[in-house]
Structure formats: structure tokens, C-alpha cells
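All of these numbers come straight from a predicted model, not from anything done at the bench.
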Amino acid sequence: RSVSIGIRTPIPNYEWYSPLRKFTGWEVVYGNLDDLIAEVRSIVGDNPTYITFDLDCLDPAYASGVADLVPGGPSSADARRILYGLKGLNVVGGDVCELSPFYDHDGVTAANAAYLGMDILQLMSHAKGQFWS
């Protein structure tokens, strides 16, 4: 079970061999986030879940400190709303990747990375099947 949210680069359609559900950046920006969250929850179910947040899925206005700037992505508020909607899933781990401090001249990308990482930790603290004591 795997879900990818915020893809904006042209990638081949791998559905013939992978059950990966891809939500494009346009689906996040212009779609119904409540429906997206519900579909993600349906796909993941009660399974142990690892969340990786790739910062370059965000629009460059919210994450200019990444190596691959692609306009038309979701805002940091959209991203956090999606994460908030996943509360209660069995989140056992996560990470935030693609921060490139050399390009992050104003620190906005690092600030967003910190908050998104904190959001993932909060999801872990509310997980249904915690694996730590």
C-alpha cells in the first residue's frame, strides 16, 4: 500500500505493475482535500504507516530551498491540512526530505520542514498501534 501526494513532474503511468495511488499537485491545489484525505485513509487502513514528506512537492513560494523548483504545487497550509487529516492512522515513522540549505536564503523552507516534521511526530504520538513505551 503506497500513496504519493503532490506529484507535478511527468512520470510514466506505472499502474500496470504497482498499486501506487498518485495524487497530482493539481488534485491537491484544486481538488477536495477532504475527499483526498478519506481516500488516503481508505488505502492505508490500520496498517503500520511511514510518512515521507518531500519538500519539493510544495510550491516554490513555500519551499524555495529545494533542488528542483516546480511551480504549481500545494501550499504549506494544504500540506499541513492533509497531515492533520491523517490523525489516528497507525503512523510508526516518518521523515522530511529534500531541504537544500544552500538555496534556502530566507529560511522559509527550513521552517516549513520543521513544522511538517513536528506534524509527523504528532501523528506518531496519536498512532493506534504504538511500538514504543
Side-chain angles (χ1 to χ4, degrees):
R1 297 171 185 267
S2 188
V3 178
S4 180
I5 302 171
I7 298 294
R8 290 186 323 286
T9 55
I11 60 174
N13 183 348
Y14 294 115
E15 291 175 358
W16 59 272
Y17 79 89
S18 171
L20 176 66
R21 170 62 166 104
K22 296 179 284 288
F23 292 95
T24 66
W26 291 109
E27 288 178 275
V28 176
V29 173
Y30 296 110
N32 183 317
L33 289 185
D34 291 329
D35 291 345
L36 182 150
I37 292 165
E39 187 172 346
V40 170
R41 295 180 72 83
S42 172
I43 291 168
V44 173
D46 289 331
N47 294 293
T49 302
Y50 186 93
I51 295 174
T52 186
F53 194 99
D54 191 335
L55 290 167
D56 64 10
C57 87
L58 296 176
D59 189 86
Y62 306 96
S64 60
V66 298
D68 188 23
L69 298 174
V70 180
S75 70
S76 55
D78 292 334
R80 295 189 77 198
R81 181 172 166 206
I82 292 168
L83 288 174
Y84 292 162
L86 302 180
K87 182 178 176 181
L89 292 182
N90 190 12
V91 179
V92 298
D95 68 84
V96 178
C97 64
E98 295 298 326
L99 175 62
S100 185
F102 179 78
Y103 297 115
D104 192 25
H105 303 291
D106 56 6
V108 170
T109 310
N112 278 318
Y115 277 97
L116 292 163
M118 180 186 65
D119 292 341
I120 292 170
L121 288 172
Q122 288 180 354
L123 289 173
M124 291 171 62
S125 74
H126 294 284
K128 292 180 179 177
Q130 296 180 14
F131 293 104
W132 57 86
S133 57

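Counting non-hydrogen atoms of other residues, nucleotides and ligands closer than 6.0 Å to OH of Tyr62 gives a total of 12 or fewer. Heavy atoms from other residues, nucleotides or ligands lying under 6.0 Å from OH of Tyr50 number more than 12.
Using modelled atom types, one side-chain atom of Thr49 and one backbone atom of Asn47 make a donor-acceptor pair closer than 3.5 Å. Asp59 contributes no side-chain N or O that, together with a main-chain N or O of Pro71, makes up a donor-acceptor pair within less than 3.5 Å.
Across every non-hydrogen atom of Gly6 and Cys57, the tightest pair is O-CB, 3.9 Å. Across every non-hydrogen atom of Val92 and Pro48, the tightest pair is CG1-CB, 4.1 Å.
Using a 4.5 Å cut-off on side-chain heavy atoms (C-beta onward), Val28 and Arg81 make no contact. Looking at heavy atoms from C-beta onward, Phe23 lies in side-chain contact with Val3 at the 4.5 angstrom threshold. Val40 has its side chain within reach of Ile5: a pair of non-hydrogen atoms, C-beta onward, lies under 4.5 Å apart. Counting heavy atoms from C-beta outward, Val108 and Ser64 have side chains that stay 4.5 Å or more apart. Side-chain contact between Leu116 and Arg80 is present, with at least one heavy-atom pair separated by less than 4.5 Å.
With hydrophobic clusters built from ILVMFWY side chains whose heavy atoms lie under 4.5 angstrom apart, Ile51 shares a cluster with Leu33. Leu86 and Leu36 fall within a single hydrophobic cluster, where Ile, Leu, Val, Met, Phe, Trp and Tyr side chains are chained together by heavy-atom contacts under 4.5 Å. The same ILVMFWY cluster, assembled from side-chain heavy atoms under 4.5 Å apart, contains both Val44 and Leu123. Both Leu89 and Ile43 are members of a single hydrophobic cluster when ILVMFWY side chains are connected at heavy-atom separations under 4.5 Å. With hydrophobic clusters built from ILVMFWY side chains whose heavy atoms lie under 4.5 angstrom apart, Leu121 shares a cluster with Val91.
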Subject >> Trace of the side chain to side chain contact (heavy atoms under 4.5 Å, CB included) decision for Val66 with Leu99 >> reply: CA-CA 5 Å; Val66 298; Leu99 175 62; 6.0 Å; no
Subject >> Worked verdict on Phe53 versus Leu58 for side chain to side chain contact (heavy atoms under 4.5 Å, CB included) >> reply: CA-CA 10 Å; Phe53 194 99; Leu58 296 176; 4.0 Å; yes
**OP:** Go through the steps for Leu55 and Thr109 under the test side chain to side chain contact (heavy atoms under 4.5 Å, CB included), then give the verdict.
**Re:** CA-CA 8 Å; Leu55 290 167; Thr109 310; 4.0 Å; yes
**OP:** Given side chain to side chain contact (heavy atoms under 4.5 Å, CB included), test Asp56 with Val70 step by step and report yes or no.
**Re:** CA-CA 7 Å; Asp56 64 10; Val70 180; over 6 Å; no
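Atom OG of residue Ser75 and atom CG of residue Asn112 lie 9.0 Å apart, to the nearest 0.5 angstrom. Rounding to the nearest 0.5 Å places CG of Leu69 at 9.5 Å from OG of Ser100.
A salt bridge links Arg21 and Glu27; the closest N-O separation between the charged side-chain nitrogens and carboxylate oxygens is under 4.0 Å. We find that Asp119 and Lys87 are not joined by a salt bridge, their nearest charged nitrogen and carboxylate oxygen being 4.0 Å or further apart.
Under the 3.5 Å distance criterion, with hydrogens and angles disregarded, a donor-acceptor pair is assigned to the side chains of Asp95 and Thr52.
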